[in-house]
Amino acid sequence: MLNRRALLLTGTAVAITGAYALWRPAANAKQGGGTKTFEITRTDDEWRELLSEQQFYVLRQHGTERAYTSPLNDNKAAGLYHCAGCDLPLYSSKTKYDSGSGWPSFWTALDDAVGTTTDYLIGYPRTEVHCRRCGGHLGHIFDDGPPPTGKRHCINGVALKFVADKTG
C-alpha cells in the first residue's frame, strides 16, 4: 500500500535520478577524471570531424556500444588494437580472450598505453580505462579475468582500430 512516506521517498528518488541524468552528460564530457590534461586535446567540434557519431559517443562522452555489435569482438587475427581517437597502440592480440561479455576483452594493456580513474556513473565505483594520450574512454576493468593478471579490460570495439601484424 502506498502511504505518504513511500510516496515521499519515491518522489525523492525520482528527483535525484533526474538531477543525476541531467548532470551526467556534463560530467562525462570531462575525460580521464575531469581536470587531467592529455598530449592530444581537441574541441568537441574537432573530435566530431574525426570520429563517427558512435565513436564520439563512446570515446568523448563515456558511452557504451551495445554488446556483440563490434566485429572486433570475434577478431582472432594477430596484431595491435589502437585507439580510434589518436592511433596510440593500446592492446596486443596476444592478450585478447573471449570473455563472453560481448565486448573485446584483454587481460592487460600495452605498457604506458592506458590510464584509469574511478567512475560512479551507475551508482557504484568502477575502474574506467582511457587512452593515456587523448583521454578517450575505452571501457572498464574488472577483477574477473584470466591469469596471469586476473583482470578483464572490457573495451568498446568502436573505441579501437585493429592493425594486423604484417610480418606473417
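As the structure is a computational prediction, the values presented were derived from the model and not from experiment.
The stretch residues 151-160 participates, sequence neighbours left out, in these salt bridge (Lys or Arg N to Asp or Glu O under 4.0 Å) pairs: Asp143-Lys151, Asp144-Arg152. Annotation: salt bridge (Lys or Arg N to Asp or Glu O under 4.0 Å) contacts involving residues 100-110, sequence neighbours excluded, are absent.
Using cut-offs of 30° and 60° for the angle between ring planes, the Phe106 and Tyr91 rings count as parallel. Aromatic ring pairs are classed by plane angle as parallel below 30°, tilted from 30° to 60° and perpendicular above 60°; the pair His137 and His140 is perpendicular.
Here Leu80 sits in one hydrophobic cluster together with Leu110; the rule is ILVMFWY side chains under 4.5 Å apart, joined directly or through other members. Taking Ile, Leu, Val, Met, Phe, Trp and Tyr as members and joining any whose side-chain heavy atoms lie under 4.5 Å apart, directly or through other members, the hydrophobic cluster of Tyr97 also contains Trp107.
Applying the side chain to side chain donor-acceptor pair (under 3.5 Å) test to Ser52 and every residue at least two apart in sequence or in another chain returns Gln55. In this view, Lys161 and Asp87 satisfy the salt bridge (charged side-chain N to carboxylate O under 4.0 Å, His left out) rule, not counting sequence neighbours. Remark: Arg132 engages Glu39, Leu88, Asp112 in a side-chain contact (heavy atoms from CB on, under 4.5 Å) (not counting sequence neighbours). With sequence neighbours excluded, the residues satisfying side-chain contact (heavy atoms from CB on, under 4.5 Å) with Ala67 are Trp103. Remark: Arg42 pairs with Ile40, Glu46, Trp47, Leu50 by the side-chain contact (heavy atoms from CB on, under 4.5 Å) rule, at least two apart or across chains. Under the salt bridge (charged side-chain N to carboxylate O under 4.0 Å, His left out) criterion, Asp45 pairs with no residue, sequence neighbours left out. The side chain to side chain donor-acceptor pair (under 3.5 Å) check on Ser99 picks up Ser101, Ser105, with sequence neighbours excluded. Partners of Asn75 by side-chain contact (heavy atoms from CB on, under 4.5 Å), not counting sequence neighbours, listed by chain and number: Leu72, Ala77, Tyr81, Phe162.
Nearest heavy-atom pair across Ala113 and Leu90 is O-CD2, 3.5 Å. Summarising the geometry of Pro104 relative to Asn73, their closest heavy-atom pair is N-OD1, 3.4 Å, with the distance given to 0.1 Å.
Leu59 is listed as a side-chain neighbour of Leu138, based on a closest heavy-atom distance under 4.5 Å.
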Verdict with supporting geometry, Leu51 and Val58, side-chain contact (heavy atoms from CB on, under 4.5 Å): CA-CA 10 Å; Leu51 302 171; Val58 170; over 6 Å; no
His130/Thr117 under side-chain contact (heavy atoms from CB on, under 4.5 Å): CA gap, chis, key distance, verdict: CA-CA 8 Å; His130 59 268; Thr117 56; 3.8 Å; yes
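In Arg48, the CZ atom is crowded: over 12 heavy atoms of neighbouring residues, nucleotides or ligands sit closer than 6.0 Å.
Looking at Asn156, its side chain never comes within 3.5 Å of a backbone N or O of Thr64 through a donor-acceptor pair. A donor-acceptor pair is defined here as one N or O able to donate and one able to accept, closer than 3.5 Å; such a pair exists between the side chain of Arg133 and the backbone of Cys86. Judged by distance alone, with hydrogens and angles left aside, the side-chain atoms of Thr41 form no donor-acceptor pair with the main-chain N or O of Phe38 at under 3.5 Å. Checking side-chain atoms of Glu65 against main-chain N and O of Gly157 turns up a donor-acceptor pair under 3.5 Å. Here the side chain of Ser70 pairs no donor or acceptor atom with the backbone of Val158 at under 3.5 angstrom.
Note: Tyr57 and His62 fail the aromatic proximity criterion, with ring centroids not under 6.0 Å apart.
Rounding to the nearest 0.5 angstrom, the gap separating the OH atom in Tyr124 from the CG atom in Asp119 is 9.5 Å. Rounded to the nearest 0.5 Å, atoms NE2 (His153) and NZ (Lys96) are 14.5 Å apart.
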